[in-house]
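Reading through the structure tokens given below for one structure.
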Amino acid sequence: MFSFEVYPPKKTAPIEVVYKAVEELSQLKPDYISVTYGAGGGAATASATVEICSLIKNTYNMDTVAHLPGINLSREQVDSLLARLRAHNIMDVLALRGDRRPGDDVNIQEGDFRYASDLVRYIKSRDAGQDFAISAACYPEVHGEAASPEADLIHLKEKVDAGTSLLISQLFFDNDVFYRFLEATADAGIQVPIQAGIMPLTNARQCSHIIKLCNPHIPTDLQKLIGRYQDCDESFYKAGIAYAIDQIEDLIAQDVSGIHLYTMNSPRTAKAITDAVYPLMGR
């Protein structure tokens with residue numbers, strides 16, 4: 001399984017700016033394309049996600065997965081979104097808690113979905129939601145708010161037991177971290193497929209942002225790459241793509257369940273990677 005992730009444009013940009021990227025990405029024939037919900041939520045964000053998913057599904061005849069961040073949604077909004085997705089022939093969702101915003105420490109306690117498992121459970125409890133296939137996120141390097149790795153696995157199993165059929169991992173740059181995570185999930189009785197989330201580092205600014213946001217382990221060879229090319233955009237781009245390809249080639253050799261590529265809406269990046277790794281997958 002090989003899939004892509006795209007995101008709607010910022011609120012200040014017209015949705016059409018992502019159409020060209022979706023068109024070019026669809027030509028690469030991934031197994032599906034997921035569409036994020038966007039920060040902050042709101043009706044406009046929901047409409048953008050549904051519209052892009054519908055374009056992927058009904059114009060390009062490709063499977064798509066709509067992100068649903070529970071922290072931004074009420075039960076009524078989830079019911080409405082599920083109905084809208086069904087009307088567009090979209091039956092796959094990624095159930096997330098969603099990212100906290102300033103002030104959420106209090107408000108999240110009062111929302112309908114405190115955890116992603118609550119959202120999964122709710123969707124499966126509704127007649128309108130029982131036909132949906134539900135994916136969820138997982139964290140090879142442990143969720144930043146988890147009390148411990150053991151607690152994180154317990155919460156992950158709760159999501160699976162609630163009705164999740166596929167897990168997609170947070171980005172990572174050290175494959176050994178992911179392999180240890182797979183062993184831990186197996187020991188915890190988690191048996192659904194787990195896709196490896198890969199984000200190519202294509203410029204120094206993005207790299208700095210990702211490290212600050214996710215705090216992933218940076219292996220020595222990647223540290224050297226960052227230091228060597230941080231002042232040359234094109235060299236950094238080529239080295240970042242090469243590193244991602246090496247990661248994916250190793251993951252494929254280890255027969256992982258799939259790859260989920262965080263494309264950052266860049267067909268150029270996705271094509272460079274798929275050109276290199278599709279032959280290894282017999283595609």
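Between the side chains of Ser34 and His67, at least one donor-acceptor pair of N or O atoms lies under 3.5 Å.
In this structure, the side-chain contact (heavy atoms from CB on, under 4.5 Å) partners of Glu16, at least two apart in sequence or on a different chain, are Pro14, Tyr19. With sequence neighbours left out, Tyr243 forms a side-chain hydrogen bond (donor to acceptor under 3.5 Å, both in side chains) with no residue at all. The side-chain hydrogen bond (donor to acceptor under 3.5 Å, both in side chains) test applied to Ser26 returns no partner, not counting sequence neighbours. Residues passing the side-chain contact (heavy atoms from CB on, under 4.5 Å) test with Lys224, sequence neighbours excluded: Thr220, Arg228. In this view, Tyr7 satisfies the ring pair (Phe, Tyr, Trp, His ring centres under 6.0 Å) rule with no residue, not counting sequence neighbours. For Gln130, there are no side-chain hydrogen bond (donor to acceptor under 3.5 Å, both in side chains) partners, not counting sequence neighbours. Annotation: salt bridge (Lys or Arg N to Asp or Glu O under 4.0 Å) contacts of Glu24 (sequence neighbours excluded): Lys20.
In this structure, the side chain of Glu5 does not engage the main chain of Thr36 through any donor-acceptor pair within 3.5 Å. Formation of a donor-acceptor pair under 3.5 Å by the Thr164 side chain with backbone atoms of Leu166 is not found in this model.
Within a 6.0 Å radius of CZ in Arg205, no more than 12 heavy atoms belonging to other residues, nucleotides or ligands are found.
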Under 3.5 Å, which donor-acceptor pairs do the side chains of residues 168-177 form with other protein atoms, sequence neighbours left out?
from   : atom 1 : to     : atom 2 : distance (Å)
Ser169 : OG     : Gly197 : N      : 2.8
Asp174 : OD1    : Asp176 : N      : 3.0
Asp174 : OD2    : His217 : NE2    : 3.4
Asn175 : OD1    : Gln247 : NE2    : 3.0
Asn175 : ND2    : Gln247 : O      : 3.0
Asn175 : ND2    : Asp250 : OD2    : 3.0

What pairs of donor and acceptor atoms, side-chain ones from residues 270-283 against any protein atom, are under 3.5 angstrom apart with sequence neighbours left out?
from   : atom 1 : to     : atom 2 : distance (Å)
Lys271 : NZ     : Asp275 : OD2    : 2.8
Thr274 : OG1    : Ala270 : O      : 2.9
Thr274 : OG1    : Lys271 : O      : 3.3
Tyr278 : OH     : Leu28  : O      : 3.0
Arg283 : NH1    : Asp31  : OD2    : 3.0
Arg283 : NH2    : Lys29  : O      : 2.6

Side-chain donor/acceptor pairs under 3.5 Å, residues 52-60, sequence neighbours excluded:
from  : atom 1 : to    : atom 2 : distance (Å)
Ser54 : OG     : Asn58 : ND2    : 3.0
Ser54 : OG     : His88 : ND1    : 3.0
Lys57 : NZ     : Asp63 : OD1    : 3.1
Asn58 : ND2    : Ser54 : O      : 3.4
Asn58 : ND2    : His88 : O      : 2.9

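Applying the salt bridge (charged side-chain N to carboxylate O under 4.0 Å, His left out) test to every pair with at least one member in residues 256-270, sequence neighbours left out, gives these pairs: Glu234-Arg268. The salt bridge (charged side-chain N to carboxylate O under 4.0 Å, His left out) analysis of residues 149-164, with sequence neighbours excluded, yields the pairs Lys157-Asp161.
Residues Thr49 and Pro8 meet the side-chain proximity criterion, which asks for heavy atoms closer than 4.5 Å.
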Query raised in the report: Could you walk me through whether Arg97 and Glu145 pass the side chain to side chain contact (heavy atoms under 4.5 Å, CB included) check?
Result: CA-CA 12 Å; Arg97 189 200 69 178; Glu145 297 175 27; 2.9 Å; yes
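Across every non-hydrogen atom of Ile198 and Pro200, the tightest pair is O-CD, 3.7 Å.
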